[in-house]
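Notes follow once the structure below has been shown.
Since this is a predicted model, take the numbers as computed values, not measurements. Below, chain A is the first sequence line, B the second, and so on; all start at residue 1. Computation of the quantities below employed the complete heavy-atom set of this structure, encompassing side-chain atoms and omitting hydrogens, waters and symmetry-equivalent molecules.
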Amino acid sequence: MTVWLIAAAALLLGLVPCGVVCFRGEPIERLVALEMAGIIDTLILLVLAQGFKQPAFYDLALVLALLSFAGGLVFARFLERWV
Amino acid sequence: MRTIAVAVLLMLGVGVELLACLGVMVMTSAYDRLHFTAPATTIGPLAIAAAVIIEESLSTAGVKAILIAGLLLVVNPVLTHATARAGGIRTHGDFMTLEDKEARP
């Protein structure tokens with residue numbers, strides 16, 4: 001159990017507050033929580049890739065960073081119109 | 001020595017992320033919550049990327065870690081602005097300044 005895997009487990013705890021906000025609150029507040037969860041997931045994948053010594057897995061974190069950005073923009077765009 | 005440096009940087013990065021998540025939960029309005037994505041995409045990723053570089057130096061893993069941290073650093077302000085703009089449009093009906101509204105025929 002290296003320090004990287006401990007860090008990944010600790011980062012997983014960060015998803016709990018994001019989940020709480022995702023289930024409560026206004027649609028915009030849920031979007032903010034979704035964006036924060038996307039950031040946390042990206043860092044979890046990065047830390048796991050280093051923990052398992054697999055440089056190829058870094059691409060997962062890179063793709064997730066890009067796609068969670070694009071997804072956030074699409075949600076923001078739809079939330080502008082759907083009141 | 002390197003292991004200690006890696007552990008300290010990881011604790012810093014993970015600590016900042018967990019505090020930012022708590023901030024998102026504790027705050028009351030969407031705009032207040034939005035502020036907490038800033039430290040989560042600046043201090044956290046850079047500390048974790050620094051820990052990777054200390055352990056792997058500038059190998060494939062190190063370069064990709066820098067790329068991911070840099071990407072988060074660059075895209076998050078755009079996402080924050082788009083989200084705040086969407087919130088503004090939802091509450092005020094549009095995203096125009098008062099001058100523009102008065103100048104409108």
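- For the pair B:Arg90/A:Pro27, a side-chain contact is recorded, criterion being any heavy-atom separation below 4.5 Å from C-beta on.
- Contact of A:Leu31 with chain B is made through the side chain alone, with heavy-atom distances under 4.5 Å.
- The greatest number of non-hydrogen atom pairs below 4.5 Å with chain B, out of A:Cys18, A:Gly14, A:Ala8, A:Ser68, is found for A:Gly14.
- Using non-hydrogen atoms only and a strict 4.5 Å limit, the part of residues 44-52 of chain A facing chain B consists of A:Leu46, A:Val47, A:Gln50.
- A:Leu73 CG to B:Thr83 OG1: the interatomic distance, rounded to the nearest 0.5 Å, is 7.5 Å.
- Under a 4.0 Å N-O distance rule, the pair B:Arg85/A:Glu80 qualifies as a salt bridge.
- With a 4.5 Å cut-off on non-hydrogen atoms, B:Leu71 touches chain A through its side chain but not through its backbone.
- Proximity to chain B (any heavy atom under 4.5 Å) is shown, for A:Leu11, by both the backbone and the side chain.
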For residues 8-27 of chain B, please give each side-chain donor-acceptor pair under 3.5 Å, one per line with the distance, not counting sequence neighbours.
none

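- For B:Asp32, no part lies under 4.5 angstrom from a heavy atom of chain A.
- Annotation: side chain of B:Thr3 is not in contact with side chain of A:Val3 (no heavy-atom distance under 4.5 Å).
- Applying the side chain to side chain contact (heavy atoms under 4.5 Å, CB included) rule to B:Thr91 yields the partners B:Tyr31; only residues at least two apart in sequence or on another chain are considered.
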Show the numbers, then the answer: is there a side chain to side chain contact (heavy atoms under 4.5 Å, CB included) between A:Arg30 and B:Arg33?
CA-CA 10 Å; A:Arg30 298 170 193 234; B:Arg33 297 182 205 269; over 6 Å; no

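- Looking at B:Leu79, the atoms closer than 4.5 Å to chain A (heavy atoms on both sides) sit in the backbone and in the side chain alike.
- Heavy atoms closer than 4.5 Å to chain B are found nowhere in A:Leu64, neither backbone nor side chain.
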Evaluate the criterion side chain to side chain contact (heavy atoms under 4.5 Å, CB included) for residue pair B:Val6 and A:Trp4; output intermediate values, then yes/no.
CA-CA 9 Å; B:Val6 166; A:Trp4 296 93; 3.6 Å; yes

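- Interface residue B:Ala51: backbone and side-chain heavy atoms are both found under 4.5 Å from chain A.
- Residues B:Gly87 and A:Ile28 share a closest heavy-atom pair of N-CD1, 3.6 Å.
- More than 12 heavy atoms of other shown residues, nucleotides or ligands fall within 6.0 angstrom of atom CZ in A:Phe69.
- A:Asp59 pairs by the salt bridge (charged side-chain N to carboxylate O under 4.0 Å, His left out) definition with B:Lys64, not counting sequence neighbours.
- When each of A:Arg24, A:Met36, A:Glu26 is checked for heavy-atom pairs under 4.5 Å with chain B, A:Met36 comes out on top.
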